[in-house]
Structure formats: C-alpha cells, structure tokens
Amino acid sequence: MFAFISLPASAITRMTATSQCRILQLDEAFLEKFADEYPYYKMCDVTPEMLPDCGVEAMYRSVSQYGELLVRKDADEDFVYWLTRTLYENYEKLIAAAPGASVCTAENAVKNTSFNLHAGAQRYFRETGLQ
C-alpha cells in the first residue's frame with residue numbers, strides 16, 4: 001500500500017496491529033530521483049513517535065505532500081485574504097480537529113507550496129511578515 005495520509009494514521013496503526021506487515025523505507029537514491037522527477041512532492045522525516053506501535057524503530061525519510069487549500073486564480077482577492085487570515089488565526093482549532101494538519105503552518109504554506117500563491121493569500125502573508 002502506498003498512501004498519502006497524515007501521521008499518526010489509524011489506517012496504518014490498525015493495519016500493523018491486525019496483520020503481519022511492515023513499513024518499508026525508501027532508499028535515499030530513490031527519494032532523490034523521485035523528488036527530481038516530481039518536485040511538487042516534498043521529503044519528510046518520519047519518527048517512531050509519529051507511528052507508535054507500528055514497528056518503526058528509528059527516524060527515516062519519506063515522500064510527503066503538504067495539505068494545500070486551492071482556489072481558482074480568479075477568486076475574489078478579499079475573500080481569499082479573509083479565508084487565509086481566518087484559517088491561520090484559528091490554527092489551534094484546526095489542529096484540535098485534525099492533528100495531522102500540524103505541519104500546515106503559515107510558514108510551510110509560503111515555503112512549501114507547489115503552486116503560485118493567490119494575491120489574497122500573498123497579502124495576508126506580507127502583512128504577517130512571511131513574504
């Protein structure tokens with residue numbers, strides 16, 4: 001199985017608890033080639049704490065993708081600004097509802113986006129000093 005899911009993920013913990021399986025780690029040469037060919041994917045570090053009781057004994061590198069909120073290029077700039085501001089001013093509530101979104105920080109939104117930031121999002125990030 002190859003899945004893009006937030007860690008810890010119940011699908012992984014249930015699978016490793018009920019089946020004889022193991023988590024395969026990709027070698028660095030493969031990861032480098034993959035990143036070159038598919039630059040919209042990122043690399044991340046997976047720690048044993050992220051996958052408790054799943055047989056992960058040491059940190060390893062894996063393929064990742066940041067969650068991104070996408071809007072149409074022609075979406076109203078004020079609306080996208082409001083949406084971005086609302087999201088990050090209520091970040092703690094987002095994390096409480098979806099702990100896997102903890103990597104979706106404003107800093108990562110600017111640094112790791114695979115797309116061009118909308119003008120409304122750019123305005124918010126400029127005001128916060130991130131852009």
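Keep in mind that this is a model prediction, so the values were computed, not measured.
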Residues Ala121 and Val80: closest non-hydrogen pair is N-CG1, 3.7 Å
Going hydrophobic residue to hydrophobic residue with side-chain gaps under 4.5 angstrom, can you get from Met59 over to Val46? no
Asn116 CG: over 12 foreign heavy atoms closer than 6.0 Å: no
Between Arg61 and Met43 the two heavy atoms that sit nearest each other are NH2-CB, 2.9 Å
same_hphob_cluster(Tyr124, Trp82) at 4.5 Å side-chain heavy-atom cutoff: no
Residues passing the ring-ring contact (aromatic ring centres under 6.0 Å, His included) test with Phe30, sequence neighbours excluded, are Phe34
Salt bridge or not for Asp27 and Lys33, using N-O below 4.0 Å? no
Tightest non-hydrogen contact, residues Glu89 and Glu92, listed as O-OE1, 4.3 Å
Apply side chain to side chain contact (heavy atoms under 4.5 Å, CB included) to residues Glu28 and Leu31 and explain how you reach the verdict. CA-CA 5 Å; Glu28 284 295 322; Leu31 290 173; 4.0 Å; yes
Rounded to the nearest 0.5 Å, what separates atom SG in Cys104 from atom CG in Leu87? 8.5 Å
Check side-chain hydrogen bond (donor to acceptor under 3.5 Å, both in side chains) between Asp76 and all other residues, then give those that pass, not counting sequence neighbours. none
Would you compute the distance between atom CG of Leu94 and atom OG1 of Thr105 and round it to the nearest 0.5 angstrom? 11.0 Å
Mark yes or no for whether His118, through its side chain, and Val71, through its backbone, hold a donor-acceptor pair below 3.5 Å. no
Taking a hydrophobic cluster as the set of Ile, Leu, Val, Met, Phe, Trp and Tyr residues connected by side-chain heavy atoms closer than 4.5 Å, whether directly or through intermediates, do Leu83 and Ile95 fall within one such cluster? no
Closest approach of Ala109 and Leu117, non-hydrogen atoms and distance? O-CD2, 4.2 Å
Looking at every non-hydrogen atom in both residues, tell me the closest pair between Pro48 and Ala58 and how far apart they are. CG-N, 3.8 Å
Would you confirm whether Thr128, through its side chain, and Phe125, through its main-chain N or O, come within 3.5 Å as a donor-acceptor pair? yes
Taking all heavy atoms of Val110 and all of Thr113, pick out the closest pair and write down the distance. O-CG2, 3.9 Å
Counting only heavy atoms not in Tyr91 (residues, nucleotides, ligands), do more than 12 fall under 6.0 Å from its OH? yes
Check the hydrophobic clustering (I, L, V, M, F, W, Y; side-chain heavy atoms under 4.5 Å; chains of links allowed) and say if Tyr41 and Leu26 are grouped together. yes
